[in-house]
Amino acid sequence: MSERITEMLTAADRTWVDEVLQKAHVKLSKVRERSAAKLPSEAQNGVHDNKLEAKGNIGIAKGFWTNGFWAGMLWQMYAETGDERYKEIARFTLPILDECLLDMDTHDIGFLWLPTAVLDYKLTGDEGVKKSALAAAKWLAGRFNPAANIIRAWGAGDEKMALSKVDPPMRLAGVTIIDCMMNLPLLYWASNETGDPRYRNIAMRHADMAMQYFVREDGSVIHINEFDPDTGAYVDNFGGQGYGKGSAWSRGQGWGLCGFTDSYKATGKQEYLETAQKIAAYVLPNIPEDGLIPSDFRQPPKPWVQDDIAAGVLATAFIDLAELVPEQTDAYLGAALRMLHAIDEKSADWNPDTDPITLHGTAGYHLPGRNINFIYADYYYIEAIRKLKGHDTYLW
Ligand code: GLY
């Protein structure tokens with residue numbers, strides 16, 4: 001938001017931030033060439049995978065929900081360094097996403113078009129990418145169900161997903177998840193660009209619903225809620241990617257913390273800021289002393305399942321909140337620094353000859369893919385570090 005955040009850092013932390021960005025630049029200058037024609041989602045044995053080579057429908061290939069983060073990280077580095085090569089490679093992704101927009105039956109549109117089209121537009125003013133982002137916003141707005149005030153999360157075909165398999169089966173037309181708070185900034189952006197309040201109205205109705213149904217009394221956050229899609233009546237909630245029903249999936253706490261903070265920044269609605277602070281009050285005492293974040297704040301002590309993605313998302317939100325809530329600056333900024341230092345010191349690979357930066361992300365407590373690299377962990381890490389420089393490129 002502003003350079004004030006940098007002034008709040010100690011001299012040692014300011015130096016550390018510069019060092020991390022320098023390490024990132026040295027590494028990514030090499031990685032970008034190896035992955036220039038890829039859509040990476042995770043890395044195995046130090047090498048990015050490529051969703052373009054994935055078999056199956058666009059949900060698991062070209063339109064996979066994390067496909068915007070590689071380009072987003074390159075755009076962040078372009079903003080940081082002015083190195084044109086980042087921009088050239090970042091632009092590989094968007095035409096592929098645009099090609100599949102009309103086949104996409106998911107709320108993840110914001111996760112895809114914000115770090116690609118909106119970030120490009122903010123940095124370059126390119127009118128073509130603005131059109132892509134507005135088309136995506138229209139498609140996302142079409143998922144709103146006014147009976148339940150929800151943006152529908154998943155689509156036809158997703159009944160087969162591990163997360164959807166419950167007894168009795170979920171009616172996916174009425175299902176929404178906390179992650180969707182991160183898609184709302186595409187709608188806020190679209191209203192600002194077009195002057196048409198419909199997008200913002202939809203986003204705020206969804207955010208108001210989420211305050212009521214996702215945030216528990218103790219400030220922890222539910223992952224999945226189901227409503228009757230015809231009447232809007234509440235049906236049930238589910239543990240989703242967390243340990244189980246009633247648990248506190250750490251990334252979901254991050255999506256909520258970041259999502260309500262961003263909805264406050266976009267609308268000025270005080271309850272969103274209060275909700276973010278309520279989630280923060282739950283998260284803060286649950287951050288382990290060593291700053292490494294578990295997959296679920298209520299997971300059993302063993303085995304240790306870590307989520308560097310959650311750490312980056314929580315950190316990026318805490319940095320914003322540190323500025324928005326001056327009486328909590330020390331606590332919020334301290335938490336962000338603890339998590340970001342922990343990754344740099346204990347969970348990062350800065351070797352330019354390997355592709356991943358962060359090493360211990362987890363897809364979901366019960367899903368395959370524990371303690372491995374995910375591209376969005378790297379994205380959020382870089383985004384958060386750039387915020388500490390006070391001149392990040394705000395998206396969410
Ligand atoms: N949005 C899905 C995830 O956070 O893994």
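We count ligands from 1, going down the list as the structure has it; atoms in each ligand are counted the same way.
- The distance criterion of under 3.5 Å between nitrogen or oxygen atoms is not met by Trp65 with respect to ligand 1.
- For Phe374, no heavy-atom contact with ligand 1 is shorter than 4.0 Å.
- A 4.5 Å side-chain heavy-atom check between Ser164 and Leu172 finds at least one atom pair inside the cut-off.
- Between Tyr379 and Phe69, the ring planes are tilted. Angles from 30° to 60° get that label.
- Each of the atoms 3 (C), 4 (O) of ligand 1 lies under 4.0 Å from some heavy atom of Trp249.
- Every N/O-N/O distance between Asp108 and ligand 1 stays at or above 3.5 Å.
- Under a 3.5 Å cut-off, the side chain of Asn50 and the backbone N or O of Pro40 do not form any donor-acceptor pair.
- Residues Val175 and Trp154 meet the side-chain proximity criterion, which asks for heavy atoms closer than 4.5 Å.
- Among all protein heavy atoms, the one lying closest to atom 5 (O) of ligand 1 is Arg251 NH2, 2.5 Å.
- A salt bridge links Glu323 to Arg4: one of the charged nitrogens lies within less than 4.0 Å of a carboxylate oxygen.
- Residue contacts with ligand 1: Trp255 is placed with a nitrogen or oxygen under 3.5 Å of a nitrogen or oxygen of the ligand (distance criterion only).
- Nearest protein heavy-atom contact of atom 2 (C) of ligand 1 is Asp179 OD2, 3.1 Å.
- Electrostatic pairing of Asp120 and Arg91 counts as a salt bridge here, judged by a charged N lying under 4.0 Å from a carboxylate O.
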